[in-house]
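Here is the structure we will look at.
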Amino acid sequence: MSRLSGRGDGSVIGGAVGLRMEPDLLRLLAVGRQIVLVTGTNGKTTTTRLITAALGALGQEVASNAFGANMAAGLASALGRAPDAQFGVLEVDERYLPAMIETTRPRVVTLLNLSRDQMDRAAEIWLVARRWREALGQAQDCHVVANADDPLIAWAAGSARRVTWVAAGQRWHEDSWCCPNCGSHLRRDDLGWRCGECGLARPATRWVLDGDSVVDAGGRVRELSLTLPGRANRSNAVIALAVADLFGVDMDQALPLLREVSSVAGRYTQIERRGRMLRLLLAKNPAGWLEAFDVLAPAPTPVLLAVNAQGPDGKDTSWLWDVDYRVLRGRPVLVAGERRLDLAVRLEADQVEFELVGGVDDAVDRVPPGGLDVIANYTAFQQIRTALGRAQ
Ligand SMILES: [Zn+2]
């Protein structure tokens, strides 16, 4: 009905109706299954997909909310669609993690990163970390896989009984200059980070991302050679390998399966349009934009930036000022979306030359044949996908 009426893709409505009829539905659906919960500010959907791919080595069905419906109704829908799946890999919204831990009793909780998100929608991230820490302290039989390079994550996971620490890297430092434990300044060097006051420090890691290589707990080194681009995805992949290992899936079994993942819910997809090859990148917050810049094709490949400010994007676009756009200098930049003027002001302040365009088709007409990278936030991304889908 949801699909027929054009109101959605049907990934939430079943769970929403089910939870109205049986408020305990999610717990009932999770009982007896091995559940992995995945959360963090960025990379949730991709990491969920990568873990699901890796667990494919077990040869059994894996339930997953692959399209990012990450609140209770989305989780219930995902498990309800796969009643016989023994495994469930579920992306969870950061705010709902404590409730979902209590409800689904996961075997593994995966913590990726925490950084500022849309200010009017997301909770303050230190508060989020505190709630995670409390919830994990009480969930004594769950195993946590966490990024040791993000101090807020390390602090949140520090209350758990069993943690596999992963050196997954952290590019965005703007939300972790201070110690989450005592508020003093954190010191960073080649060995990681530590607080000079209370002694909180980066935990020793079992898995390490080193350039394009992964080093496992036994010291074995493998090239990742993913199809998905960028450092952020290499980080997601190493965390996925660490999770798969807990289920007895060896790195050498999992890696070929991770390499087969080439796009995630439309992201990184290449679409040909009137002689231009478009590549779609989703970026919803400052750390996400930094990751998107990291995978841009070299200049002078043009880039289209599209920003909206509808409900799912956050109404407040002040976060645009937290992104350093100077890396875009020297390449053609096209700007679209409902808030293109907000972005234009920001680019002007960074002395990045740009051209305002009406939308993705207008942008395609203004660039020469060849590549066009597209970075968009949530609803702008969906609009572009729809526009391109119509043309195909
Ligand atoms: Zn401290």
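Only a predicted model underlies this, so the values are computations on that prediction, with no experimental measurement involved. Indexing begins at 1, ligand by ligand and atom by atom, following the structure's order.
At least one cation-pi condition fails for Arg130 and Trp155: the charged atom is not both under 6.0 angstrom from the six-membered ring centre and inside a 45 degree cone around its axis.
A salt bridge between Asp373 and Arg331 is absent, with no side-chain N of the basic residue lying under 4.0 Å from a carboxylate O of the acidic one. Salt-bridge annotation for Asp365 and Arg274: present, with a side-chain N of the basic residue lying under 4.0 Å from a carboxylate O of the acidic one. Using a cut-off of 4.0 Å between Lys/Arg side-chain N and Asp/Glu carboxylate O, Asp313 and Lys284 are scored as not salt-bridged. Ion pair Asp141/Arg105 not flagged as a salt bridge, since none of the NZ, NE, NH1 or NH2 atoms sits closer than 4.0 Å to an Asp/Glu carboxylate oxygen. Looking at Arg346 and Asp342, no side-chain N of the basic residue comes within less than 4.0 Å of a carboxylate O on the acidic one, giving no salt bridge.
Near-neighbour remark for the Zn ion (ligand 1): protein N, O or S atoms under 2.8 Å are Cys179 SG, Cys182 SG, Cys195 SG, Cys198 SG; waters not counted.
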